[in-house]
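Notes to accompany the following structure.
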Amino acid sequence: MHHSNILNSPEDEAFRTKPRPPQYSFNIPPSAFRQDQLLTLAAQVQDLLTQHDRCIDEYPHAALCMAALTLEEAVYSTALAGLSVEFKEVMYYTIDPHRSNLSPLDVRAASSILSYRNALPALIMSRTCPEINLKLIGDFFVSLQSPQLVRFKGYESELNLWLQFIDNQDIHPLLKLALLQSEFYRLQPAALASGRLVRQLTVIAAWHLKVMRHPALYLSRQFCNSGRYHKQFYSSYGAGINDWCEYFLRQTAITMQANTAVLPQLEDLYRRLQAAGRNAVSDKIFQPFAAAMFKNGGISSPLLFKHFNVARSSVRLFLDSLVDAGLFSEQSGSSGSRPAKYVFTALLDVLSARWERQA
């Protein structure tokens, strides 16, 4: 496990070594920005985003399955801030947070991850993109649950300029997203949480700008994979703005290819889950259960009985059928006061394998 380190995160280091200039001035797009050099790549990436939307529409349970990617986005966006807890450990935490083996710092990180996840729009629920305004930014800001959130107030005028740029009609929407990220990060309105806040807002802004019809621009895992995220950010403050925009576009392309490829596998996983539980529970019970499993990644036997109205006599049969099908694994015994925990390991395997294919 990678332990949380709230005092020595990449964003903490960035904040200490590259503080906001005393006389900050809104500068978007920067003078070094050359849109013409990036339009061909932007158009290619837009095609990939459109294919991703079509893929979501093609599979009947894709919206439900994408909930797993929402949790993954929260895990890796938080990891970019230095609060690093492994994805599977967060899955364990969601099953029974009161009996977690995580350290106190990791518990705080896991709690922040779930708050972050819950602030993102749920693909299965979302129909209308919310207006991006100071209230939305403030609500996202609160969801980060960081003790270092100390600077948000007093930045309203700069943030309003940032919001106005969203409606700029002269710049390709994908390049606008890259520029918005760079400027927001340079502004540092949320102190050490600015990176996480702008990554949340990027999901909404992509939806708002109609580069995607579904709120699913989850880029944080690929930003972690690339290992160059913060370096590229800092170079964008000067002559490196086009390099940053190109980096943003290429990481978006890699992510969309990986996610488009994994959607049919997630759909297949849903059907395997349904087949394995068919003899133990009704379809009425299975639907909310499946939604929770793709969202959280696991369940404990008492929660299955309590929240999904599965009869006590059927709980063990249902869980055993999922284990026998190779979909879930039991993480602890059910004797004594520690109920059995079941983790959706097949989901974890599918999500991890898509990045191995991209390597």
Side-chain angles (χ1 to χ4, degrees), residues 9-12 14-15 18-21 24-30 70 73-74 76-78 80-83 111-123 125-168 171 173-212 214-220 223 229-230 233 236-237 244 248:
S9 72
E11 289 177 1
D12 178 50
F15 180 67
K18 295 182 180 291
R20 174 177 180 250
Y24 171 85
S25 60
F26 190 79
N27 183 31
I28 185 168
T70 309
E73 169 65 18
Y76 285 95
S77 181
T78 306
L80 285 167
L83 305 177
S111 177
S112 294
I113 286 166
L114 295 181
S115 295
Y116 187 120
R117 187 270 310 273
N118 293 338
L120 290 172
L123 217 161
M125 303 273 301
S126 303
R127 293 294 181 269
T128 304
C129 181
E131 180 185 353
I132 305 178
N133 52 32
L134 287 178
K135 182 182 184 305
L136 179 74
I137 295 175
D139 290 344
F140 274 9
F141 180 76
V142 170
S143 77
L144 300 177
Q145 292 190 350
S146 170
Q148 300 155 328
L149 304 183
V150 294
R151 298 176 73 182
F152 185 66
K153 288 191 177 297
Y155 283 65
E156 287 84 352
S157 61
E158 292 97 334
L159 287 171
N160 274 317
L161 290 171
W162 184 88
L163 289 167
Q164 290 171 23
F165 181 73
I166 292 176
D167 295 324
N168 184 302
I171 295 176
L174 277 170
L175 296 175
K176 199 186 304 184
L177 285 178
L179 293 171
L180 286 165
Q181 277 219 17
S182 174
E183 190 68 15
F184 195 100
Y185 205 65
R186 186 170 75 95
L187 173 60
Q188 290 283 347
L192 307 183
S194 293
R196 279 170 287 162
L197 184 54
V198 75
R199 289 187 289 274
Q200 283 181 327
L201 289 170
T202 297
V203 177
I204 294 287
W207 196 19
H208 177 84
L209 293 170
K210 296 182 171 57
V211 300
M212 300 187 82
H214 300 286
L217 191 67
Y218 299 148
L219 304 176
S220 292
F223 284 150
Y229 178 70
H230 293 95
F233 243 140
S236 75
Y237 297 167
W244 157 253
F248 177 87

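Along the sequence shown, residues carry numbers from 1.
The line from CG of Leu201 to CG of Leu177 is 11.0 Å long, rounded to the nearest 0.5 Å. In this structure, the separation between CG on Leu144 and OG on Ser112 is 7.5 Å, given to the nearest 0.5 Å. If you take OH on Tyr218 and CE on Met212, they are separated by 9.0 Å, rounding to the nearest 0.5 Å. Rounding to the nearest 0.5 Å gives a distance of 10.0 Å between CZ of Arg199 and OG of Ser194. Taking CG of Leu217 as the start and CG of Leu120 as the end, the distance is 11.0 Å to the nearest 0.5 Å. One finds the CD atom of Gln188 at 10.5 Å from the CG atom of Leu197 (value rounded to the nearest 0.5 Å).
Counting heavy atoms from C-beta on, the side chains of Leu163 and Ile137 come closer than 4.5 Å. Using a 4.5 Å heavy-atom threshold, the side chains of Ile28 and Asn168 count as separate. Using a 4.5 Å heavy-atom cutoff, the side chains of Tyr185 and His230 are in contact. At least one side-chain heavy atom of Gln200 sits under 4.5 Å from a side-chain heavy atom of Ser143. At least one side-chain heavy atom of Pro30 sits less than 4.5 Å from a side-chain heavy atom of Leu179.
Using bins of under 30°, 30° to 60° and over 60° for the plane-to-plane angle, the ring pair Trp244/Phe233 lands in the parallel bin. Aromatic ring orientation, Phe248 versus Phe223: tilted (interplanar angle from 30° to 60°).
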Worksheet item: Under the side chain to side chain contact (heavy atoms under 4.5 Å, CB included) criterion, do Asp167 and His208 qualify, and how do the steps go?
Response: CA-CA 10 Å; Asp167 295 324; His208 177 84; 4.0 Å; yes
Item to complete: In sequence, state the C-alpha distance, the side-chain angles, and the governing distance for Leu180 and Thr202, and then conclude on side chain to side chain contact (heavy atoms under 4.5 Å, CB included).
Response: CA-CA 8 Å; Leu180 286 165; Thr202 297; over 6 Å; no
Worksheet item: Given Leu80 and Ser220, is the side chain to side chain contact (heavy atoms under 4.5 Å, CB included) satisfied, shown in steps?
Response: CA-CA 8 Å; Leu80 285 167; Ser220 292; 4.2 Å; yes
Worksheet entry | Full working for side chain to side chain contact (heavy atoms under 4.5 Å, CB included) between Leu83 and Ile113 | CA-CA 9 Å; Leu83 305 177; Ile113 286 166; over 6 Å; no
Item to complete: Please assess Ser77 against Tyr116 for the test side chain to side chain donor-acceptor pair (under 3.5 Å), listing each intermediate value before the final yes or no.
Response: CA-CA 9 Å; Ser77 181; Tyr116 187 120; 2.8 Å; yes
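Listed here is the closest heavy atom pair of Glu73 and Leu219: OE1-N, 3.2 Å. The heavy-atom pair separating Ile166 from Lys176 by the smallest distance is O-NZ, 2.8 Å. Nearest heavy-atom pair, Ala205 versus Ile132, reported as atom, atom and distance to 0.1 Å: CA-CD1, 3.7 Å. Smallest separation of non-hydrogen atoms from Val211 and Pro173: CG1-CB, 3.4 Å. Closest approach of Arg196 and Ala81 over heavy atoms only: NE-CB, 3.4 Å. In terms of heavy atoms, Trp207 sits closest to Pro121 at CZ3-CB, 4.0 Å.
Each of Phe140, Trp162, Phe165 was compared with Phe184 under the ring-ring contact (aromatic ring centres under 6.0 Å, His included) criterion, and only Trp162 meets it.
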